[in-house]
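One is the number of the first residue; the rest follow in order along the sequence. In each ligand, atom 1 is the first atom listed, and ligand 1 is the first ligand listed.
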Amino acid sequence: MTIYFQKTYQRSFGTFPLKGNELHEAVQAAAQVGYRAFDTAQMYGNEAETGAALKATGLPREDLCITTKVDIANFDDARFLPSVEASLKALQIDVADVLLLHWPPADGDIAPSLKMLRQARDRGLARHIGVSNYTARMMRDARAIVDVPLVTNQVEFHPLLNQDKLLAAAAETGIPLASYCSVARGEVFKHPIFGQIGEAYGKSAAQVVLRWILQKGVSINTMSTKPANIRANFDVMDFTLSSIDMGRIEAMTATGHRIVGKDLVPYAPDFD
Ligand SMILES: NC(=O)c1ccc[n+]([C@@H]2O[C@H](COP(=O)([O-])OP(=O)(O)OC[C@H]3O[C@@H](n4cnc5c(N)ncnc54)[C@H](OP(=O)(O)O)[C@@H]3O)[C@@H](O)[C@H]2O)c1
């Protein structure tokens with residue numbers, strides 16, 4: 001349950017949309033600066049390359065926290081467990097540290113896929129299970145459907161989007177949030193406030209944004225192809241934003257900039 005609260009695993013390296021040499025190089029750079037949590041998904045089409053890249057780091061398997069996600073196309077009794085087995089084979093691992101449902105199903109009926117996820121855990125295919133892109137209501141409903149802890153709801157989370165309803169649901173259900181699009185795919189850099197705040201701490205705009213996410217009680221998932229950015233994104237544990245700066249950043253959530261919505265993902269739920 002506490003997996004993402006372990007200091008190292010609070011910072012996960014995302015692999016979407018990386019492939020080929022770019023993925024390989026990024027994973028090596030991430031491992032070198034200290035990342036031990038890595039995030040992939042069936043939908044990314046890069047599980048095998050991620051598995052090979054992680055092998056090439058030489059890191060002991062027990063140090064790694066590997067997350068993958070089941071594609072909604074596999075939310076079917078016949079396909080779910082075989083798809084997870086195929087993911088593990090591609091990743092060259094026996095068990096996923098964290099197995100997530102990538103999206104709620106298009107019809108909004110979350111029970112069947114949650115039960116299949118639970119089965120995957122029971123079969124020893126996953127150490128921990130969780131969800132992604134769930135709404136606050138789905139988080140509350142999920143608690144009643146699954147009788148083991150869901151270790152995360154991985155959602156879009158950055159200072160340009162107010163996610164108070166999800167934070168409230170996280171507090172109520174005990175399902176912690178993890179971020180994706182943590183720097184809003186670069187959109188945060190259009191707002192000078194993050195860099196200005198960073199000056200007082202000797203930190204960059206990206207580091208301020210990531211630190212704000214952590215101080216909201218949300219673990220972070222970032223992706224970068226550049227070694228300097230990869231290092232900077234990991235280097236966010238040695239400063240604390242003041243409550244005043246937290247509040248100044250909080251005010252930016254009124255921007256309401258959502259990246260992953262129905263225009264990108266037509267089956268996305270009606271987000272809070
Ligand atoms: N569960 C889901 O449905 C879902 C959806 C989307 C993403 N994800 C996961 O979350 C991960 C991260 O999200 P994301 O990649 O979509 O968005 P993101 O992390 O907000 O943005 C990545 C982009 O930001 C740039 N960047 C990263 N760090 C930077 C820094 N310190 N300074 C300047 N630019 C920086 C990167 O460019 P450079 O390469 O130039 O540094 C890259 O283009 C993904 O890789 C994936 O694993 C999950």
Salt bridge check: are Glu250 and Lys216 linked by an N-O gap of less than 4.0 Å?
yes
No-hydrogen, no-angle side-chain donor-acceptor test under 3.5 Å, Tyr9 and Thr67:
no
Lys69 near ligand 1 by a heavy-atom separation under 4.0 Å:
yes
In terms of heavy-atom contacts, Gln42 and Asp71 come closest through OE1-N, 2.9 Å
Measuring only between side-chain heavy atoms, which start at C-beta, is Met223 closer than 4.5 Å to Pro17?
yes
Is Arg258 salt-bridged to Asp263, cutoff N-O under 4.0 Å?
no
Name the closest protein heavy atom to atom 40 (O) of ligand 1, giving the residue it belongs to and the distance to 0.1 Å.
Lys226 NZ, 2.5 Å
Does atom CG of Asp94 have more than 12 heavy-atom neighbours from other groups under 6.0 Å away?
no
Give the residue, atom name and distance (to 0.1 Å) of the protein heavy atom nearest atom 46 (C) of ligand 1.
Tyr44 OH, 3.4 Å
Under 6.0 Å from the CD1 atom of Ile244, do we count more than 12 heavy atoms belonging to anything else shown?
no
Residue portion contacting ligand 1 (non-hydrogen atoms closer than 4.0 Å) for Asn233
side chain
Please determine whether any non-hydrogen atom of Val260 lies less than 4.0 Å from an atom of ligand 1.
no
Salt bridge between Arg11 and Asp235, side-chain N to carboxylate O under 4.0 Å?
no
Decide, yes or no, whether a salt bridge links Arg140 with Glu172 under the criterion of side-chain N to carboxylate O below 4.0 Å.
yes
For atom 3 (O) of ligand 1, grab the closest protein heavy atom and report residue, atom and distance to one decimal in Å.
Asn133 ND2, 2.9 Å
Are Asp245 and Tyr201 close enough that a side-chain donor and a side-chain acceptor fall under 3.5 Å?
yes
So which protein heavy atom does atom 35 (C) of ligand 1 come closest to, and at what separation?
Asn229 ND2, 3.7 Å
Hey, which atoms in ligand 1 end up nearer than 4.0 Å to a heavy atom of Asp39?
9 (C), 46 (C), 47 (O)
Only heavy atoms count here, so choose which of Asn221, Thr15, Thr225, Asp235 is nearest to atom 9 (C) of ligand 1.
Asn221
Closest heavy-atom contact between Pro269 and Met138?
CB-CE, 4.0 Å
Around atom 24 (O) of ligand 1, find the nearest protein heavy atom and jot down its residue, atom name and distance.
Val183 CG2, 3.5 Å
Determine if the distance from atom 37 (O) of ligand 1 to the closest protein heavy atom is below 4.0 Å.
no
Considering only heavy atoms of His102, which atoms of ligand 1 have at least one such atom less than 4.0 Å away?
1 (N), 2 (C), 3 (O)
Quick one: look up the protein heavy atom nearest atom 19 (O) of ligand 1 and list residue, atom name and how far away it is.
Met223 N, 3.5 Å
Of the listed options (Phe189, Phe157, Tyr180), which comes nearest to atom 2 (C) of ligand 1 when hydrogens are ignored and any heavy atom counts?
Tyr180
If you count heavy atoms of other groups shown closer than 6.0 angstrom to CD of Glu85, is the number above 12?
yes
Who gets closest to atom 13 (O) of ligand 1 by heavy atom: Cys181, Gly14, Ala26, Ser182?
Cys181
Would Phe13 count as a contact residue for ligand 1, given that I'm defining contact as a non-hydrogen atom of the residue lying under 4.0 Å from a ligand atom?
no
Minimum distance, heavy atoms only, to atom 41 (O) of ligand 1: which one of Ser224, Ala184, Ala268, Ala206 is it?
Ser224
Could you tell me whether Arg185 and ligand 1 have an N or O pair separated by under 3.5 Å?
yes
Note: heavy atom closest to atom 44 (C) of ligand 1, options Trp103, Phe16, Phe234, belongs to Phe16
